[in-house]
Every structure is written in C-alpha cells, then in structure tokens.
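Keep in mind it's a predicted model, so treat the numbers as computed, not measured. Proteins get letters first, then strands, A, B, ... in listed order; numbering begins at 1 in each.
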Protein chains: 2
Amino acid sequence: MGRPRTFDIDVAVDRAMELFWRQGFEATSTEDLVEGLGIARGSLYKAFGSKEQLYAMALRRYCQSHAEGLIELLDRAEQVRPVIQAVLLELVEADLADPERGCLLVNAATERSAHPDTVQQVSRTMGQIESALAGALERARVSGDIAADKNPRELAQFLTTFLQGLRVMGKARADRVFLENAVKVAVGALD
Amino acid sequence: MGRPRTFDIDVAVDRAMELFWRQGFEATSTEDLVEGLGIARGSLYKAFGSKEQLYAMALRRYCQSHAEGLIELLDRAEQVRPVIQAVLLELVEADLADPERGCLLVNAATERSAHPDTVQQVSRTMGQIESALAGALERARVSGDIAADKNPRELAQFLTTFLQGLRVMGKARADRVFLENAVKVAVGALD
DNA sequence: CCAGTTGTTGACTAATCAGTTCCTAATTCG
DNA sequence: CGAATTAGGAACTGATTAGTCAACAACTGG
C-alpha cells in the first residue's frame, strides 16, 4: 500500500555505484547523486537513508556483480591457468579502455581505510577471491595442471595481491606492454 | 628582507604529507591543515598558495623520502634478491603496524586519477622504481645471481605491480601470513 | 469514496568548505 | 629612525555541504 516508487531502486544503486567508482566517496556530493540518479533529494534520503548507506549498497553491488562473477568463473574453470591469465588480461583491457575508473574495491580499500564497514566488506570480498583461487588451484594441482609441490593457498594469496597491484598500475601507468609483461611473469609463477 | 617566517616550511610540508597520507586529499580540510601544521590560515595560503599546491608538495616530498630511498638501496645492492625480499617484508611490517596509512603513492593514484598533475607525479615515480629494479636485476643477471634467460625489465614491471598490490592488501587485509606468503611467491618468481 | 500509508518534491537549515582581506608585527636597507 | 617589504592572524566571504521538512500526490483496503 501507499504510493509506489517511481524509480527502479536497482538502477539507482547502479548509477550511484558508477559515480562513487569514478569519483570516490568524498568527491561525490549529494548533489551529484541527485543529478546522476535523476531522483529528488528527499526521495533519495527516504530510499537510502544517507550517503554512507547508499555507498555501502553500491559497494555491495559492485562486489556481487564483479567479484562474484570472477569467483563463479574460477569455480567452473576446467583449465585453471588459462582462465586466470584470461581474467588478468581482461582487467588490463578494462583499465586501458578507461583508466580513470580502476577498481571500486581498490578505491574503497585506499580511500576508506578508516571506515570499518567498508574495510570489512572489502576484506570479505578479497577473502572470497582468495578462496576461489585456492580452490581452483587445488583442483589444478590434483589434476596435474600445476606442479604437485606448489601450495595452492600461497599461490592464491600471491595472485590476489598481484591482482590489486594490476588495478593500481592500470590507473597510475596505463601502458599495455607494461601490464601485459607483469601478467606474463605473474602467471609464469604458477609453473 | 621583510618579516622572517616563524615556522619551518619543511616541517610544515612533512605534517601536511602525514595528514594527506592518512586521510586523503578530499577528506583533509583546510581547517585540518591549519590545526595540524600549527599555522594560521592566512600564513598557510601565503606560503603554499592553495590546498592543491600543498598536496603536490607533500606528494613530491613523499616520493623523495620514500621512493628515492628504495631506489638508492636498489642501486647500491650487491645481492639483489635478498634486498628485494627484505624491502617487501619491510613494507609488510609497515602495513601491519599502521594499516590505515598504506602508501601515499597508491592513495594518490586511486583517489586522484582525474587530476593530471598527480597522475603524472605518480607515474613518474613508478617509472623510476621500475628502472631501478630493472637495473638491479640486470646486474644480477650478468653476475649469475638470477637465471640468464630471465628478462630484467619484465621482472621489474612485474615486481613494481606486485609492490602496489602489496600496499593495497596491507590496507584491505592486514594479515601477516597472507602478506608474507604473497611475498614468498613473488620473490620465487625471480628464480 | 474515504482513511491510511507511503513516495515525491523543492525549499530550507546549519555547518563547513576553500580562499580572501586587512590590519598588525617583524625584519632589512638606507 | 623610517620607508619598504614580508609574515601572522582573525574576521570575513560566498559557495557548497549533508541532511530535514512540510505540503502534495498516488496508491490500497475497507
């Protein structure tokens, strides 16, 4: 009952995600959000409570639509190494195509390290990526796709860390040769 | 001639660096700077021109006192691999001791990717780190410290990227075992 | 159709933002 | 000493900030 909402809340969160992604939390004003979401100020606050809460929703959305996509891919992967390489090179392409955006998870980790809710969300997602990588690498080890003496969890922790570095370098120095070389060496560490 | 400055401008830049490092550019207000530097508003603007210019000076200071220290270490290094490992583990310790600070270069790259001056300063410093690593690895290759078939520049680009990832993970998931495992695998990639 | 409920809206608020101004203080040079 | 120059500092500026509010609109159940 009551008057129905005239905007799609999922679309609004997506647009907020895009704004926070490009500009960061602090540099995105509520006026930016009003304009970008196409919703009046009051409606925005009625629907989302505060800028902080909307940011939390946008970050969660990002984790779901990006990190969890990666995780499912790894869970399904039959040949792990080519999939990992393809994923890393795809991220390189994304950074080259749009260097100002980078990765919202990395942006959140660096900009909002003083905000426990954000740090926890980021940490949880990093942990999920690590686990998915570790699982895939363990399967690869069992099937002989990577050497038996490799430790899947350590490799997963390494790759998770390298992945974040790739996103930083994609923003700081969007150079195809540089990034592709870095990926080549990183993937080579699995042999 | 004229009235002499009553504060040390280098100390003031150091304090500004500390504030921007911990809080980021946007989250640091001019009021924070007035308080943190112990200088009145007018003097601050007379000495530094604007918040942007003070940030640029603080970032340059960071590059000089941190990146260039690393570069000199690499230039002097006789055994390259142990030095690289030690440097990475030292950064792990720094992140564990103070996870909210992270690396000002990484923070700058992610928060201020829309500001060409900042991006250029970051990119230049990343390039210097890459070159120092490449030089040290080339010497190591010649002296037989690393395998002759390794490409020093590619290894340097990989390590530069990994280094940035390490600083992100230090903020996002300050876990000693995780970070030390990641370093172990990364350094292993030099073999 | 009417009461109740919820969404929409733009004007409003108090606080804070980056930056300026103007007067005083402290120095050097002649 | 006095003119010139530069720094210090508090009060001030207009703009912008995140968030609130009250009047109005649209829906459901009775």
Side-chain angles (χ1 to χ4, degrees), chain A residues 1-60 104 107-108 111-112 114-118, chain B residues 1-60 104 107-108 111-112 114-118:
Chain A
M1 61 193 86
R3 180 171 174 175
R5 202 170 265 131
T6 56
F7 63 93
D8 186 324
I9 211 156
D10 284 333
V11 171
V13 172
D14 274 336
R15 288 182 182 170
M17 181 185 83
E18 190 69 29
L19 285 169
F20 286 130
W21 192 353
R22 283 192 184 283
Q23 307 180 2
F25 177 82
E26 293 287 348
T28 303
S29 69
T30 53
E31 186 57 38
D32 290 337
L33 291 167
V34 165
E35 203 174 318
L37 273 57
I39 300 168
R41 222 169 172 69
S43 301
L44 196 152
Y45 274 87
K46 179 149 284 186
F48 300 110
S50 72
K51 187 183 165 186
E52 293 265 358
Q53 285 174 268
L54 178 53
Y55 180 84
M57 288 183 72
L59 181 58
R60 223 174 303 134
L104 179 54
N107 298 352
E111 186 186 2
R112 293 180 60 76
H115 298 76
D117 287 359
T118 301
Chain B
M1 61 196 87
R3 179 171 172 174
R5 202 170 266 132
T6 56
F7 62 93
D8 185 325
I9 210 158
D10 285 332
V11 171
V13 172
D14 274 335
R15 289 182 181 169
M17 181 185 82
E18 191 70 28
L19 284 169
F20 286 130
W21 192 353
R22 283 193 184 282
Q23 308 179 359
F25 176 82
E26 293 287 346
T28 303
S29 68
T30 53
E31 187 56 38
D32 289 338
L33 292 167
V34 165
E35 203 174 318
L37 273 59
I39 300 169
R41 229 177 169 61
S43 302
L44 196 153
Y45 275 88
K46 182 154 286 185
F48 301 110
S50 71
K51 187 184 165 186
E52 293 265 358
Q53 285 174 269
L54 178 51
Y55 180 84
M57 288 182 72
L59 180 58
R60 223 174 304 135
L104 179 54
N107 299 352
E111 186 186 2
R112 292 178 61 76
H115 298 76
D117 287 0
T118 302

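Not one side-chain nitrogen or oxygen of A/S29 sits closer than 4.0 Å to the OP1 or OP2 atom of D/dT16. Side-chain N/O atoms of A/K51 include one lying less than 4.0 angstrom from OP1 or OP2 on D/dA18.
Following rounding to the nearest Å, B/K46 (NZ) and C/dA18 (C1') show an atom-to-atom distance of 17 Å.
Annotation: side chain of B/N107 is not in contact with side chain of B/F20 (no heavy-atom distance under 4.5 Å).
Two residues, B/S50 and B/P4, neighbour DNA chain C, and the one matched to the more 5' nucleotide by heavy-atom proximity is B/S50. Nearer the 5' end of DNA chain D, as judged by each residue's closest nucleotide, is the contact made by A/Y45, out of A/R3 and A/Y45.
Cation-pi check for B/R15 over B/F7 is not met; the charged atom does not lie both under 6.0 angstrom from the ring centroid and within 45 degrees of its normal.
Relative ring orientation between A/F25 and A/H115 is described as tilted, the plane-to-plane angle lying within the 30° to 60° band.
Nearest heavy-atom pair across A/A58 and A/A16 is CB-C, 4.3 Å. Closest heavy-atom contact between B/L44 and B/I39: N-CG2, 3.8 Å.
Of the residues in residues 17-24 of chain B, not one places a heavy atom less than 4.0 Å from an atom of DNA chain C.
Taking the side chain to side chain donor-acceptor pair (under 3.5 Å) definition, one finds that B/T28 meets it with B/Q23, sequence neighbours left out.
If you check every strand for non-hydrogen atoms under 4.0 Å, A/F48 touches nothing.
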Taking only nitrogen or oxygen atoms into account, show me every contact under 3.5 Å that the protein makes with nucleotides 9-15 of chain C, one pair per line with its distance.
none

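Put simply, the side chain of B/D32 gets close to the backbone of B/S29: a donor and an acceptor are under 3.5 Å apart. A donor-acceptor pair under 3.5 Å links the side-chain atoms of B/E111 to the main chain of B/E26, judged by distance alone.
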